[in-house]
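Labels below follow one simple rule: chain letters A, B, ... track the order of the sequence lines, proteins then strands, and each chain is numbered from 1. Since this is a predicted model, take the numbers as computed values, not measurements.
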Amino acid sequence: MDLIELHDIWKIYRLGDLDVPVLKGISLSIGQRETVSLMGVSGSGKSTLMNILGCLDHPTSGQYLLEGRDVTKLSVNQRAELRNRKIGFVFQNFNLLARTSALDNVILPLEYHHNHISRNDSLDRAKMLLDRVGLKDRMHHHPSQLSGGQQQRVAIARALINQPSILFADEPTGNLDSRTSGEILEMFQQLNAEDGITILLVTHDPDVAHHARRVIHIRDGCVDGDLVGHATDARGGERT
Amino acid sequence: MKLLRLVRTAIRALRRNITRALLTMLGIVIGIAAVIAMMEIGQGASTAIQRTISSMGSNTLLVMPGAQRSGGISMGAGSNVTLTDSDCEAIVRECPDVRQAAVIVRANSQVIYGNRNYYPNSIYGTDPDYLDVRDWQNLAEGDTFNDRDVRSGAKVCLIGQTIKRELFQGESPVGKEIRIRNVTFRVVGVLSSKGANLMGMDQDDIILAPWTTIRYRISNQRSSSSSSSSSSSSSSSGNSVNTLSNLYPSTGIVLYPEKSAVQQANNPMPVRFANVDQIILAARSADSIRSAMSQITELLRERHRLAADDDDDFQIRDMTELTNTLSSTSRLMTRLLLFVALISLIVGGVGIMNIMLVSVTERTREIGLRMAVGARTYDILLQFLIEAVILCLLGGLIGIALGRGASEIVALTLKWPTQISVEAIVTSVFVACVVGMVFGFYPAWRASRLDPIEALRYE
């Protein structure tokens with residue numbers, strides 16, 4: 001069973017009397033432990049697709065199965081719960097809470113966990129993750145005291161705290177210099193290799209996209225190309 | 001548990017921007033401080049007003065003998081001779097709502113000092129408690145007569161300011177002797193000035209003397225007809241000296257031939273009871289007037305051995321007009337204070353709503369992020385609501401402290417009798433919570449309705 005299955009996803013926005021289709025019947029599937037890049041110029045619909053995949057938005061029509069479960073029918077709050085348990089987000093602008101320590105930023109998703117986790121357990125988990133992203137000595141720093149790369153690491157630790165099965169990274173390196181970008185992307189690959197977390201990168205930068213084994217091109221709301229790159233895994237292959 | 005977690009989240013969120021939190025609180029702080037200060041200062045003012053009004057006699061009750069009926073004809077109030085000084089003592093002893101009581105025996109006569117004379121409005125025979133009942137303890141000069149003077153029927157008196165002016169012309173009256181119906185009274189004290197009462201009667205036009213002295217030495221018409229013991233030699237000799245009394249028919253009809261001094265010494269008339277004209281008494285407070293009246297009625301009916309279907313042989317007068325003034329004044333004050341309090345709290349609440357709305361806009365990204373990592377709509381709603389309530393509560397506490405401080409300062413500088421109003425404190429904390437919820441709800445609701453995608457993209 002694939003982790004993500006999309007069947008004929010349409011997303012149509014209404015602007016006044018005009019129907020603007022942004023996604024025009026996208027079908028694709030992403031398996032466990034894959035690393036996928038979603039590429040496309042701005043306006044191609046890749047952000048919309050990413051929002052739908054991230055359960056932030058729901059499609060106008062079509063079917064979206066996440067771990068075999070149809071999520072298009074879920075209510076707003078059910079989707080929130082799903083995001084909390086299954087999905088980690090990494091954003092271009094990090095989206096860390098200002099004037100809040102790295103540690104507190106990392107445990108933020110646990111506040112909304114359906115099973116209450118004691119503060120001590122939360123902190124232990126957060127410390128472990130910060131250690132893992134290499135910020136052991138920066139745990140009590142506020143975002144303003146951290147560099148861009150460090151902030152993004154905090155954001156990654158936050159995305160990992162609920163042990164999600166998939167990590168969505170929306171232009172994760174857009175605000176970083178090339179060296180730090182490389183480090184962050186390496187970290188994604190490491191997470192994929194060691195923890196088996198599915199990574200989905202959304203980017204318009206081909207260099208970034210090629211860190212993933214599979215690159216999906218989106219153009220005008222359609223899948224334009226689906227290439228499995230040089231490091232082809234067992235499931236590779238062209239699917240359009 | 002869940003609530004605790006939400007409260008902690010809210011506090012952490014508030015701590016993130018202390019300045020904003022303080023600014024938000026400011027409205028409520030000022031509102032609650034104003035409420036507390038207003039309530040305490042206002043209550044102090046209202047107490048002061050009540051005290052002033054009650055010094056005018058609002059708590060005063062007057063017990064008069066009832067009307068005697070003779071062949072179906074009412075002889076008018078006070079014609080019955082039923083009240084005694086032991087009634088008065090019993091009232092003080094047995095009615096818990098009566099603070100103090102004093103008997104009154106009235107007389108009307110000319111007063112003479114040296115070559116001057118004056119006809120005072122009232123000559124009251126009473127006991128020292130009268131001054132307490134009338135709230136008149138501070139004398140201008142001298143001292144009051146005491147219980148021993150009452151028991152022995154001493155010829156001493158207190159005079160009012162008007163009497164002093166009319167008779168003494170700047171001299172100090174203390175120690176001087178005045179004559180009332182040819183009985184000499186030594187002036188032991190001068191009352192302080194009280195001015196006119198509500199009916200325009202001069203309250204300083206008064207002479208107070210032990211009631212026994214007035215009863216037995218200065219008899220007036222009614223007492224002489226009802227109680228023969230009071231017809232004393234001094235009064236009859238007074239009549240014979242005053243030649244003017246021959247011009248007018250004598251007010252007292254003498255039914256029996258007058259006794260000579262020897263006869264009287266031989267056969268002293270036993271005093272059946274020492275009846276008094278009125279009993280004046282003070283209730284403990286304006287609120288206890290009603291209960292005091294019913295206690296007195298019950299007691300006097302029992303003491304006068306009235307059967308269940310007999311009419312009262314006495315009547316109790318209260319100062320209804322004054323009492324009504326008093327209660328309507330305090331009601332007015334309370335309403336005024338409530339109104340002011342309400343306005344300031346609404347202003348504070350609107351302030352909260354304003355800054356919460358700004359805060360929601362400013363924190364759109366945070367809200368988007370929280371939603372992205374799994375916050376449900378009611379998590380966001382509750383977080384902002386709890387933030388608002390915490391702000392209001394904190395603001396309320398600070399406001400209480402400030403308000404208390406302000407009222408203490410007023411108490412110290414203006415010498416107003418401010419009172420701690422527990423009621424106001426409890427109410428304002430409660431109202432602060434309600435204001436927080438009511439005015440925090442709309443911003444919180446707005447926050448919870450945000451679309452996470454839009455919110456995350458918000459710059």
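- The CG atom of Asp104(A) sits 8.5 Å away from the CZ atom of Arg15(B) when rounded to the nearest 0.5 Å.
- Neither the backbone nor the side chain of Ala159(A) comes within contact range of chain B; no heavy atoms are under 4.5 Å apart.
- Residue contact with chain B, scored on non-hydrogen atoms closer than 4.5 Å, involves the backbone and the side chain of Asn93(A) alike.
- Side-chain contact annotation: Arg12(B) with Thr100(A), donor-acceptor N/O pair under 3.5 Å absent.
- Summarising the local packing, CG of Asp17(A) is surrounded by 12 or fewer heavy atoms from other residues, nucleotides or ligands at distances under 6.0 Å.
- Proximity of Phe89(A) to Leu456(B): side-chain heavy atoms (C-beta onward) are nowhere separated by under 4.5 Å.
- Sparse packing is recorded around CZ of Arg219(A), with 12 or fewer heavy atoms of other residues, nucleotides or ligands lying under 6.0 Å away.
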What side-chain donor-acceptor pairs closer than 3.5 Å can you find for residues 58-66 of chain A, not counting sequence neighbours?
from: Thr60(A); atom 1: OG1; to: Ile12(A); atom 2: N; distance (Å): 2.8
from: Tyr64(A); atom 1: OH; to: Leu53(A); atom 2: O; distance (Å): 2.6

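- Interface remark: Arg79(A) contributes no atoms to any contact with chain B (heavy atom separation under 4.5 Å).
- Contact annotation for Arg158(A): only side-chain heavy atoms (C-beta onward) come within less than 4.5 Å of a heavy atom of chain B.
- Surrounding OH of Tyr13(A) are more than 12 heavy atoms belonging to other residues, nucleotides or ligands, all under 6.0 Å away.
- Heavy atoms of His142(A) lying under 4.5 Å from chain B are absent altogether.
- Between the Asn77(A) side chain and the Thr377(B) main chain, a donor and an acceptor come within less than 3.5 Å of each other.
- Annotation: maximal heavy-atom pairing with chain B below 4.5 Å, among His113(A), Arg119(A), Glu111(A), occurs at Glu111(A).
- Across Ala375(B) and Ala80(A), no two heavy atoms sit closer than the pair O-CB, 3.6 Å.
- Each of Asn95(A), Leu96(A), Leu108(A) has some count of heavy-atom pairs under 4.5 Å with chain B, and the biggest count is that of Asn95(A).
- In plain terms, the two heavy atoms of Arg16(B) and Arg99(A) that are nearest each other are O-NE, 2.6 Å.
- Across all their heavy atoms, Tyr112(A) and Gln383(B) have their closest contact at OH-OE1, 3.7 Å.
- When every heavy atom of Leu56(A) is checked against every heavy atom of Pro452(B), the shortest pair comes out as CD2-CB, 3.9 Å.
- Contact annotation: the side chain of Leu97(A) approaches that of Arg370(B) to within less than 4.5 Å [non-hydrogen atoms, C-beta and beyond].
- The number of heavy atoms from other shown groups lying within 6.0 Å of CG (Asp220(A)) does not exceed 12.
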